[in-house]
Amino acid sequence: MNNMQNLYLLVPLAPLLGAVVAGLFGKSLGRTWTHRITILLVAVSFFASLAIFKNMFFDGGHTFNGRVYQWITSGDTSFEIGFLIDPLSVMMMLVVTFVSLMVHIYTIGYMAEDAGYQRFFSYISLFTFSMLMLVMANNFVQLFFGWEAVGLVSYLLIGFWYTKPTAIYANLKAFLVNRVGDFGFLLGIGLVLMVFGSLDYQAVFASAASHANDMAPIPGVYWNMMSAICILLFIGAMGKSAQFPLHVWLPDSMEGPTPISALIHAATMVTAGIFMVARMSPLFELSETALSVVMIIGAITALFMGFLGIVQNDIKRVVAYSTLSQLGYMTVALGASAYSVAIFHLMTHAFFKALLFLAAGSVIIAMHHDQDIRNMGGLRKYMKITWLTSLVGSLALIGTPFLSGFYSKDSIIEAVGMSHLPGSSFAYFAVVAGVFITAFYSFRMYFLVFHGEERFGKADHHGGHGEHHHGLAPGQKPHETAWVVVLPLVMLAIPSLLIGFFTIKPMLYGGYFGDSIFISEAHHALAEMKEEFHGAFGMALHSLTTLPFWLALAGVVSAWYLYLVRRDIPAKIQQKFQAIYTLLDNKYYFDRFNDWFFAGGARGASRFLWKFGDVKLIDGVMVNGSARLVGRFSGVLKQIQSGYIYHYAFAMLIGVFVLLTIRFWLD
């Protein structure tokens, strides 16, 4: 291998080494050396990713697509580990490693008093390795390995506090819901192998157009194989990226420690589905049916998950529903064939959403693990850095001009507006309406936490949510958190402010992605957008005259008026629209339906199989029944075995007679 290929290997293997060291030797090394080693190795991975980026774009380097290790060969199909290093994967490597590095540093402060300190560092380093293997893959087998590995580590981290019943319920829920998506994903990979005879990206993409009109080889079934492949692959993305109706696991995953909320459920793992669809753009571009499905599912998620953020009172769950809604925005962009816009929003969102989660964690530490925003207020004067960075994150999230989120979110709205696919009108309405909703719930949380009356340290709290939510004692005041918590906030606030302004032109209009993303001639929304582009500064100024800007401003003003000026109005609105509030508070009853239909159905089927299949059929008929049959047969034989010689002689004569009769009859 040459030096660059060694560098490619270093990116995923450095955090893997950190995970092994922390997991096997953490107790011996102690806390300090455990976090030093894991942070150093993640930093090595980040700087190696930077070096790869520099080589690719500034030193005249080229992309890499090659095998690293051949695992097994079955017939004409080989299963191997290989890397595809191109602009898309390099951008993902930089995002994953940078956010992971910030989370590793933050963890020193957040998990300082936790008994599982070393185990936590091992898990988050293992997650970083898994995600890097996913984004660097050049074949479907390695993609699936990374896909399942991040799911496994997510399961371990959501249930990190394994003595807490709600955490165990949440990680089991995440595991089962993701298995539903992964079943579709695996079927899609199987169809890829059946249709293309290969699992290598390059081979599949090169011959994709020749299979665009292939139909399912089943009599009477008129399915286009390309549509079937894309929809099945997208079902996997629906699970991993928490799209309706497989979204139910992500809000509950907030039961895990806050650092993993930032690392896994805001910045990286949940974006794996978005990345996968963008990587598969040569396939999705051949199926408008699949693109419409993607767009409609994304629009439903963007709009209706945003509504749920309005009624949440747990600070982390507000941010979680924001994540769901923003993932919906990315998915809508994918459906509009604006893959580069979706990835651009993925990048900007990773920074400001990780910032919001880590800022929420800083507030939780200061509030002694009370997460109810109704018990906060007035924290601005006690936590100035957390307040300022939270403001930056919130402004970026709602798409404030000149901040990072503005450039990516407005580009999504514009791309969807130019789409003519079935469902694009609904999608456009959803992403535009979502601007007001996002601004409202974001600044509702911001105003309730940092401004207004100080509601902490009082005896009339609204109640906790478990052992980790006990709050400040009466008279106790919060204070700013340690530097290891504050430093990552500042480091994430910088790209949340600036990265959109400086990267929109190369990423969307300067050909940054090159051949790593494919868009057919029929879907030229980005080309149309390019004609209207007047630079990052001009785009921001132009937005001041557009509907999304005024909707965002209306959302902020509404939140300010309702939660700082007339705090009596929200209760009156809730009372007047009690039915709608109950629907939102119960999250559209998805959890209840799943518990009743799927969980209850599984329990009912299990009881039936136990009572009928196990007790009656197996035990009653096969085991005990065969024993009774042997007993009865033995009873009959016992009567024959009388012990008298003349009985046996008579039986012998009868037997000889029967045998002779049969013999003569056959002759």
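Because only heavy atoms are used, hydrogens play no part in the values below, and waters and symmetry mates are left out as well, while side chains stay in.
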**Asked** Below 4.5 Å, heavy atoms only, C-beta onward: do Lys240 and Met276 meet side chain to side chain?
**Response** no
**Asked** Within a reach of under 6.0 Å around CZ of Phe593, are more than 12 heavy atoms found that belong to other residues, nucleotides or ligands?
**Response** yes
**Asked** Taking all non-hydrogen atoms of both residues, which atom of Trp249 and which atom of Ala174 are closest, and how far apart?
**Response** CB-CA, 3.5 Å
**Request:** Determine the minimum heavy-atom distance between Thr438 and Ile398, stating which atoms define it.
**Result:** O-CG2, 4.0 Å
**Prompt:** Which of parallel (below 30°), tilted (30 to 60°) and perpendicular (above 60°) describes Phe140 and Tyr201?
**Reply:** perpendicular
**Asked** Roughly how far, to the nearest 0.5 Å, is OH of Tyr446 from OG of Ser390?
**Response** 8.0 Å
**Item:** Intermediate values then yes/no, side chain to side chain donor-acceptor pair (under 3.5 Å), Tyr339 and Glu285
**Value:** CA-CA 10 Å; Tyr339 305 99; Glu285 283 297 282; 2.7 Å; yes
**Prompt:** Any donor-acceptor pair under 3.5 Å linking the side chain of Ser227 with the backbone of Thr289?
**Reply:** no
**Asked** If you count the non-hydrogen atoms of other residues, nucleotides and ligands that lie under 6.0 Å from CE in Met491, is the total more than 12?
**Response** no
**Donor-acceptor under 3.5 Å (Trp550 side chain, Leu544 main chain)** = yes
**Complete:** Nearest heavy-atom contact between Thr389 and Ala493 is CG2-CB, 4.1 Å
**Request:** First locate atom CE of Met305, then atom OG1 of Thr323, and finally report the distance between them rounded to the nearest 0.5 Å.
**Result:** 13.0 Å
**Asked** Would a distance-only check, ignoring hydrogens and angles, find a side-chain to backbone donor-acceptor pair under 3.5 Å from Asn586 to Tyr589?
**Response** no
**Prompt:** Can any side-chain N or O of Tyr441 pair as donor or acceptor with the backbone N or O of Val318 at less than 3.5 Å?
**Reply:** no
**Results of side chain to side chain donor-acceptor pair (under 3.5 Å) for Gln312 - residues two or more places apart only** = none
**Asked** Between Ser394 and Leu391, is there a donor-acceptor pair closer than 3.5 Å when you use the side chain of the first and the backbone of the second?
**Response** no
**Centroid-centroid distance, Phe64 to Tyr8, less than 6.0 Å** = yes
**Asked** Step by step, would you call Ile85 with Met93 a side-chain contact (heavy atoms from CB on, under 4.5 Å)?
**Response** CA-CA 10 Å; Ile85 309 297; Met93 288 155 59; 4.3 Å; yes
**Prompt:** Does Thr128 reach the main-chain N or O of Ile124 with its side chain, forming a donor-acceptor pair under 3.5 Å?
**Reply:** yes
**Request:** Kindly say whether the aromatic ring centers of Tyr588 and Phe307 come within a distance under 6.0 Å.
**Result:** no
**Request:** Answer yes or no: is there a donor N or O on one side and an acceptor on the other, between the side chain of Ser292 and the main chain of Pro422, under 3.5 Å?
**Result:** yes
**Asked** When you measure from the side chain of Arg317 to the backbone N and O of Met254, does any donor-acceptor pair fall under 3.5 Å?
**Response** no
**Request:** Show your reasoning for whether ring-ring contact (aromatic ring centres under 6.0 Å, His included) applies to Tyr407 and Phe402.
**Result:** CA-CA 7 Å; Tyr407 293 103; Phe402 298 104; 7.2 Å; no
**Item:** For Phe196 against Leu283, the heavy-atom pair lying closest together
**Value:** CZ-CD2, 4.2 Å
**Request:** Could you give me the CA-CA distance, side-chain angles and deciding distance for Val248 and Lys587, then say whether side-chain contact (heavy atoms from CB on, under 4.5 Å) is met?
**Result:** CA-CA 9 Å; Val248 293; Lys587 297 169 282 190; over 6 Å; no
**Prompt:** Ser287 side chain to Ala290 main-chain N or O, any donor-acceptor pair under 3.5 Å?
**Reply:** yes
**Prompt:** Rounded to the nearest 0.5 Å, what separation is found between the CG atom of Leu246 and the CD1 atom of Ile297?
**Reply:** 8.5 Å
**Message:** Contact between Asn138 and Gln202 at the side-chain level, heavy atoms closer than 4.5 Å - yes or no?
**Reply:** no
**Prompt:** Would Phe352 and Leu492 satisfy side-chain contact (heavy atoms from CB on, under 4.5 Å), going step by step from the backbone distance to the final call?
**Reply:** CA-CA 7 Å; Phe352 62 72; Leu492 287 165; over 6 Å; no
**Message:** As a quick check of understanding, evaluate side-chain contact (heavy atoms from CB on, under 4.5 Å) for Met269 and Val153, giving each step before the final call.
**Reply:** CA-CA 10 Å; Met269 189 191 93; Val153 183; over 6 Å; no
**Message:** Does any part of the side chain of Val96, heavy atoms only, come nearer than 4.5 Å to the side chain of Leu132, both counted from C-beta?
**Reply:** yes
**Item:** Passing option when Gln326 is tested against His349, His345, Lys353 for side-chain hydrogen bond (donor to acceptor under 3.5 Å, both in side chains)
**Value:** His345
**Asked** Ion pair present between Glu148 and Arg179, side-chain N to carboxylate O less than 4.0 angstrom?
**Response** yes
**Prompt:** Going by heavy atoms in the side chains, are Ile235 and Leu187 under 4.5 Å from each other?
**Reply:** no
**Message:** Between Phe57 and Pro87, is there a side-chain heavy-atom distance shorter than 4.5 Å?
**Reply:** yes
**Main-chain N/O of Val270 paired to Ser241 side chain as donor or acceptor, under 3.5 Å** = yes
**Request:** With ring-ring contact (aromatic ring centres under 6.0 Å, His included) as the test, would you mind laying out the steps for Phe234 and Phe284 before giving the verdict?
**Result:** CA-CA 10 Å; Phe234 179 64; Phe284 279 84; 7.1 Å; no
**Message:** Quick check on Phe590: does its CZ atom have over 12 non-hydrogen neighbours (other residues, nucleotides or ligands) under 6.0 Å away?
**Reply:** yes
**Asked** Heavy atoms, side chains only, cut-off 4.5 Å: are Phe83 and Val11 in contact?
**Response** no
**Message:** For a quick test of reading the model, state the closest non-hydrogen atom pair linking Phe344 to Thr503 and the distance between them.
**Reply:** CE1-OG1, 3.3 Å
**Item:** Nearest non-hydrogen partners of Thr258 and Phe357, listed with the distance
**Value:** CG2-O, 3.3 Å
**Prompt:** Within a strict 4.5 Å, meaning less than it, do heavy atoms of the Thr271 and Met92 side chains meet?
**Reply:** yes
**Asked** Does CZ belonging to Phe501 count more than 12 external heavy atoms closer than 6.0 Å?
**Response** yes
**Item:** Any Ile504 side-chain heavy atom under 4.5 Å of Ser411 side chain
**Value:** yes
**Fill in**
In Met238, Gln243, Met295, the residue satisfying side-chain contact (heavy atoms from CB on, under 4.5 Å) with Thr331 is Gln243
**Distance, nearest 0.5 Å, that separates CG of Leu233 from CG of Leu186** = 10.5 Å
**Asked** What distance separates Asp86 CG from Asp515 CG, expressed to the nearest 0.5 Å?
**Response** 9.0 Å
**Item:** Distance, nearest 0.5 Å, that separates CG of Asn178 from CZ of Phe185
**Value:** 11.5 Å
